[in-house]
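Take a look at the structure set out below.
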Amino acid sequence: MKLILIIDILGTIAFAISGVLTALNKRLDPFGILIIAFVTAVGGGTLRDILIDANVAWMRNLTFVYVIFGSTIFAVIFRKRLGYIRRSLFLFDTIGIALYTIVGVEKGIAAGFHPIICVALGTMTACFGGVLRDILCNEIPIIFRKEIYATACILGASAYFLLHNTPISEDFIVIISGSIVIIVRLLAVYFNLSLPSIYRKEVDETMS
Amino acid sequence: MKLILIIDILGTIAFAISGVLTALNKRLDPFGILIIAFVTAVGGGTLRDILIDANVAWMRNLTFVYVIFGSTIFAVIFRKRLGYIRRSLFLFDTIGIALYTIVGVEKGIAAGFHPIICVALGTMTACFGGVLRDILCNEIPIIFRKEIYATACILGASAYFLLHNTPISEDFIVIISGSIVIIVRLLAVYFNLSLPSIYRKEVDETMS
Amino acid sequence: MKLILIIDILGTIAFAISGVLTALNKRLDPFGILIIAFVTAVGGGTLRDILIDANVAWMRNLTFVYVIFGSTIFAVIFRKRLGYIRRSLFLFDTIGIALYTIVGVEKGIAAGFHPIICVALGTMTACFGGVLRDILCNEIPIIFRKEIYATACILGASAYFLLHNTPISEDFIVIISGSIVIIVRLLAVYFNLSLPSIYRKEVDETMS
C-alpha cells in the first residue's frame, strides 16, 4: 500500500516538527532539537518494539531517519513561518496518530497478543513519542492532562481489532479505524473537549 | 503457591492505588491516571524483564492488567474515602514490595545471574515502578530522597539469595526474606528513620 | 588491549563521580546517590544494548559494578576535596566519553548496522548516561542546552567509521578517533564554545 507509506511519512514529518517546536520553546541547542525531534517521531514505536522484543524499526530501515533529519532542518529554517502552516501541521499530526495507531495494533496482532494488549500497543505507538518528548523537556506529559487523543487512539485501535476477523478487506479496515481516530480528535478539538477531570478539591482535601 | 499469588495481587492493588493517588494530586485526566497506575504497578517488573531479555510478564498474562483496571476504577470512585483505608494500603504496599523483591531475585537466579545482580533485580522490581511514576509526574523520585524501603529490599533480597542454596524449603525462604523486608520497613516508618543525609552544606560550598 | 580497559575504567570512574556530584547537589540519600552514579556510568551503554538487542554488558561482567561502587564510596567520603581534583576529573570524563563513543561504534559495526546508526550508537553510549542522570534529577538534560560534547562524539564516531575499512590498524584508528573527541571537547571548553542557539525571540513570537 503506497498510500499508507506516504501518509506514514507525512505523520513522521508532523511528529518531528512538533518535537522541533517544543525544543525551540525550551531553548535547546541544535543537538537537543534533533534528539527531541527524533524521540517524538520514533519514541512510541521504539518502546513498542522493545516491549514485544522485535527489531527496532528505524535502526534497520533508514527512510524515517532521513525524513526526520530533513523535517528538523526544514522546521529550524522556517521556524518564523511555522505559525502559518500550523493548521496543516495539526492535520498531518492527526493523520500520523491514526496511522501510528494502526501500525501498533497490526504488530500486536501479528505477534499474537491479546486484544487489550494490541489496543495498548497501538495507543502506545501513537502517544508515547510525545510522552518521551515531554519527559526530556521536563514537563508532565501533556497527554496525561488535557489532550483527548489517547481516547481517539483507543477507539480507533478497538475498531481495527474488532473488524480484522471479519471478511472486510484490510484496506477498508485501515480506512474505517483511521477515520475514527481522526474524526474523534477533530471533533474533540473543535468542541474544545477534554476528558472530565476528577474533582480536585475533594482530592486535595483528602490528601492534605 | 496460591498464597503468593493472592499477596502478589494485593501488592499490585496497593501499587496501582498509590499511582492513582499521585496522579489525582497532579490533576491528571482519567487516561493519565490509568497510565500512572499501570506504570507504578508494572514498571519495575517491565524494566527487569527488558534488562534480562525475558518476555514482559503482563503482556502475556492479563490477570494483572484486569487487577490494575479494577483498582484504578475503585480508587477513583472512592477517592474521598481512601484516607480511611490508608493504613491498610500501607500494609498492602509493604507486602507488595516484599513480594516483588522476591519475584525479582527468583528471576535473576533462574537466569543464572551473579548474586549482586540478583539483589539489584529484586530491588529494581520493587522500587522502579515508583521511580517511573515520579519521573512521569515530573518529581525527583521519592525513593532517592527519603524512603528507606530500598534498603529493606536489599536486605530481604540478600537474605533470599543467601538462603536459597541451603536445604531450607523455598516456602520458608520466601517467608523469612519477605518478613525481613516488611519488618525493616515497618520499623523504619515507626521510628521515622531515613538514611542519613550526606552533609549538604559542605557540598554546596564545594560546588559553588 | 590492556590500555583501553584501563582508560575505560578511568572513564567509568569519572562518570560515576560526576553522578555522585549531581546527586549530592540534589540532596539525595545514599541509595539515590548510588543509583545516580550507576545510571550515569552505565545508562548509555544499557540503552544501546537494549536497542540492538544485545546482552546488557554490566549484568554479565561485574568489573564495572565494583568500580562504580568503589568510586561512589570514594566520592562521598572525599566530597569536600573533589573541588581540588575537578580538573583531573574533567580529563577522565573527556577520555571516558571518547572511549565510550568508540565502544558504541564498534558494537554497531559488529552488529552490521548502517553507518549513521553506528555513529548514533557511539554518541548514545557516551551521552545518554548523562541524559538519564538529568532526567532522574528532574532537569532538562544539560547536553541538550549548552554542552558541545555530543558534537565531539559525532565527529569522533564518524572518523572511526570512515577509517575502519582502510588498512590502518585498529589501535591507530582508536587513537585517531578518540583524539578527535578529546581535542574537540577541550578546544570547545577552552574557547567557551557552544552550538549557536537558534534565535529565541523570533520563536517566542511565533509560538505566542
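Throughout, a chain's letter reflects where its sequence line sits, starting with A, and its residues are numbered from 1. A quick note: this is a predicted structure, and the numbers were derived from the prediction, not measured.
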- request: Taking the side chain as every heavy atom from C-beta outward, state whether C:Asn55 and C:Asp49 have any pair of such atoms under 4.5 Å apart.
  value: no
query: B:Glu170 versus B:Tyr160: any side-chain heavy-atom pair under 4.5 Å?
result: yes
query: So which part of B:Ile140 gets closer than 4.5 Å to some heavy atom of chain C, the side chain, the backbone, both or neither?
result: both
- request: Measure the shortest side-chain to side-chain distance between B:Val20 and B:Ser71 over non-hydrogen atoms and say whether it is less than 4.5 angstrom.
  value: no
field: Close side-chain approach of B:Arg133 and B:Ser18, heavy atoms under 4.5 Å
entry: yes
task: For residues C:Tyr100 and C:Val105, determine if any side-chain heavy atom of one lies less than 4.5 Å from a side-chain heavy atom of the other.
output: no
- request: Between chain B and each of C:Leu136, C:Val56, C:Ile35, C:Ile50, count heavy-atom pairs under 4.5 Å; write down the option with the most.
  value: C:Leu136
- request: For the residue pair C:Tyr190 and C:Arg185, establish whether any side-chain heavy-atom pair is separated by less than 4.5 Å.
  value: no
query: So do the side chains of B:Val67 and B:Ile13 get within less than 4.5 Å of each other, counting heavy atoms only?
result: yes
query: For chain C, which of B:Val131, B:Asp134, B:Ile117 has the most heavy-atom pairs under 4.5 Å?
result: B:Ile117
query: Side chain, backbone, both or neither: which part of B:Asp53 has an atom under 4.5 Å from a heavy atom of chain C?
result: side chain
- prompt: Quick one: CZ on C:Arg60 to CZ on B:Phe113, what's the gap to the nearest 0.5 Å?
  reply: 4.0 Å
- line: Filtered by a 4.5 Å non-hydrogen cutoff, the part of residues 36-48 of chain C contacting chain B is C:Ile36, C:Thr46
